Amino acid sequence: MLTLDFHPTGRHFLQIPGPSPVPDRILRAMSLPTIDHRGPEFAALGLKVLADVKKIFQTRQPVIIYPASGTGAWEAALVNTLSPGDQVLMYETGHFAALWQKLADRLGLKTEVMRHPGAEVWRHGVDAGQIEARLKADTGHAIKAVCVVHNETSTGVTSNIAAVRKAMDAAKHPALLLVDTISGLASADYRHDEWGVDVTISGSQKGLMLPPGISFNAVSSKALQASKTATLPKSFWAWDEIIEMNKTGYWPSTPNTNLLYALSEACDMLLAHGLEAVFARHQRWGEGVRAAVRAWGLQIQCLDAAVYSPVLTGVMVPDGIDADAVRKIIYERFDCSLGTGLGKVKGKMFRIGHLGDCNDLTLIAALGGSEMGLKLAGVKLAGSGVQAAMDFFSSHAAVVLERRAA
């Protein structure tokens, strides 16, 4: 039999930026017996989770739930709103933005990629001014959609989506706004309706604290209208049948029943605590981890403090040091998993996740493993990041907001 839990003592420290640790409460919910997905019990579950996820996305519009990864939700957003050969403007802020663009190319869309100018292309957020200028130049409205990543998991950058919408409105351009918040949802402030997003893409394994296997499309009325004339091939991903059956709590295909149990429990946890409190604690965790990185004398991957991610921090290692070798030491010696550098920054940085089912002591332990691993790898540190994080967390008490009913 395959051994999955091979850690000798205690709990493994899973500090990658997703999948994030799954709380025991959610694991217990998932363990309940699977029910008939055409029976009355399931309808009650379906209607509850469909109503709850709207609150998480901060929308009154439909939220479509797929038994798929975030990659599936990327595809669903594109095939439901666009036609073969349509021109799409995509802003590359990191590895996942680049992967989404690759997927769009394979679907037969004509993609145009914008990036931050200069060598440090993956160390900044979306430049809304660039988008505004490009859309103003598109006087024939050939561009049908603008695609941006809210929280870029590969770099630790959280872009300003409200500014992107403002830029599109200033350009008086009719393109749809498609946003990936796979790692941002339920960790970083996100407002589908208020920010004028047409399709929001997300997944289960980050701030929602679930295992991988559920993904989402939150859709505006404008996106729904576009879906009526879009001609990219679709069947499983098609919104129309799902939305119609969701009205009674069911799905046209077999749903991921036990993960919907987990989603229901996760929504209860998040909404009982209050989204404002959830966002505040993630901001605080991010500040504590960044205090540690600065104390080490290392660079943070994101260069713009205004768009630091509350979900993860990218740590740059000195020239001549292999970040993956550092990660290997930390994993083997201290039972702690950290995120690898992806794409253009592989081997140059590692990522510390501070999201979901986490607390101050969890992060201090992860930083302790990181500090020891860096020293063992031969990195000369300026000071103790662990002490800096302890000082930050002890002098900046967590904000406790009034609990509210889910």
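For clarity, every value in this text was computed on a predicted model and none was experimentally measured.
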Check whether [X] reaches the backbone of [Y] with its side chain - one donor and one acceptor, N or O, closer than 3.5 Å.
X      : Y      : answer
Asp193 : Arg60  : yes
Ser183 : Asn151 : yes
Arg351 : Thr313 : no
Ser215 : Ser69  : yes
Glu152 : Ala97  : yes
Tyr261 : Arg28  : no
Asn258 : Ser31  : no

Arg11 and its salt bridge (Lys or Arg N to Asp or Glu O under 4.0 Å) partner, picked from Asp335, Asp357, Asp24: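 So, applying the salt bridge (Lys or Arg N to Asp or Glu O under 4.0 Å) to Arg11 and each of Asp335, Asp357, Asp24, only Asp24 qualifies.
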
[atom1]/[X] to [atom2]/[Y] distance, rounded to the nearest 0.5 angstrom?
X      : Y      : atom1 : atom2 : result
His150 : Ser309 : NE2   : OG    : 8.5 Å
Gln301 : Met349 : CD    : CE    : 4.0 Å
Trp100 : Ile182 : CH2   : CD1   : 8.0 Å
Thr200 : Trp195 : OG1   : CH2   : 9.5 Å
Ile26  : Ser204 : CD1   : OG    : 10.0 Å
Leu224 : Lys222 : CG    : NZ    : 12.5 Å

Looking just at side-chain N and O atoms, do Ser220 and Asp198 make a donor-acceptor pair shorter than 3.5 Å?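 On atom types as modelled, these side chains qualify, holding a pair under 3.5 Å.
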
Quiz question: by atom type and distance under 3.5 Å, do the side chains of Tyr190 and Ser202 form a donor-acceptor pair?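 Note: Tyr190 and Ser202 side chains miss the donor-acceptor criterion.
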
Report the residues that fulfil ring-ring contact (aromatic ring centres under 6.0 Å, His included) with [X], sequence neighbours left out, ordered by chain and then residue number.
X      : answer
Phe393 : none
Trp239 : none
His95  : none

In terms of the angle between their ring planes, are His37 and Phe42 parallel, tilted or perpendicular, with boundaries placed at 30° and 60°?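 Taking Phe42 first and then His37, their aromatic rings stand perpendicular (interplane angle over 60°).
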
Once the angle between the rings of Tyr331 and His12 is folded into 0 to 90°, is it parallel (under 30°), tilted (30 to 60°) or perpendicular (over 60°)?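 The rings of Tyr331 and His12 stand perpendicular, inter-plane angle above 60°.
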
Looking at [X] and [Y], does any basic side-chain N land under 4.0 Å from a carboxylate oxygen?
X      : Y      : value
Arg281 : Asp360 : no
Lys48  : Asp268 : yes
Arg165 : Asp169 : yes
Lys102 : Asp105 : no

Taking everything shown except [X] itself, do over 12 heavy atoms lie less than 6.0 Å from its [atom1]?
X      : atom1 : result
Arg106 : CZ    : no
Lys348 : NZ    : no
Lys54  : NZ    : yes
Glu41  : CD    : no

With heavy-atom distances below 4.5 Å as the criterion, would you say the side chains of [X] and [Y] are in contact?
X      : Y      : answer
His192 : Val179 : no
Leu259 : Met30  : yes
Leu177 : Val148 : yes

Partners passing side-chain hydrogen bond (donor to acceptor under 3.5 Å, both in side chains) against [X] (at least two apart in sequence or in another chain):
X      : result
Ser384 : Glu371
Arg115 : Glu92
Glu194 : Arg191

Any idea which heavy atoms bring [X] and [Y] closest together, and the distance?
X      : Y      : answer
Thr248 : Leu47  : C-CD2, 4.0 Å
Ser370 : Trp296 : CB-CH2, 3.7 Å
Ala388 : Ala291 : CB-O, 3.7 Å

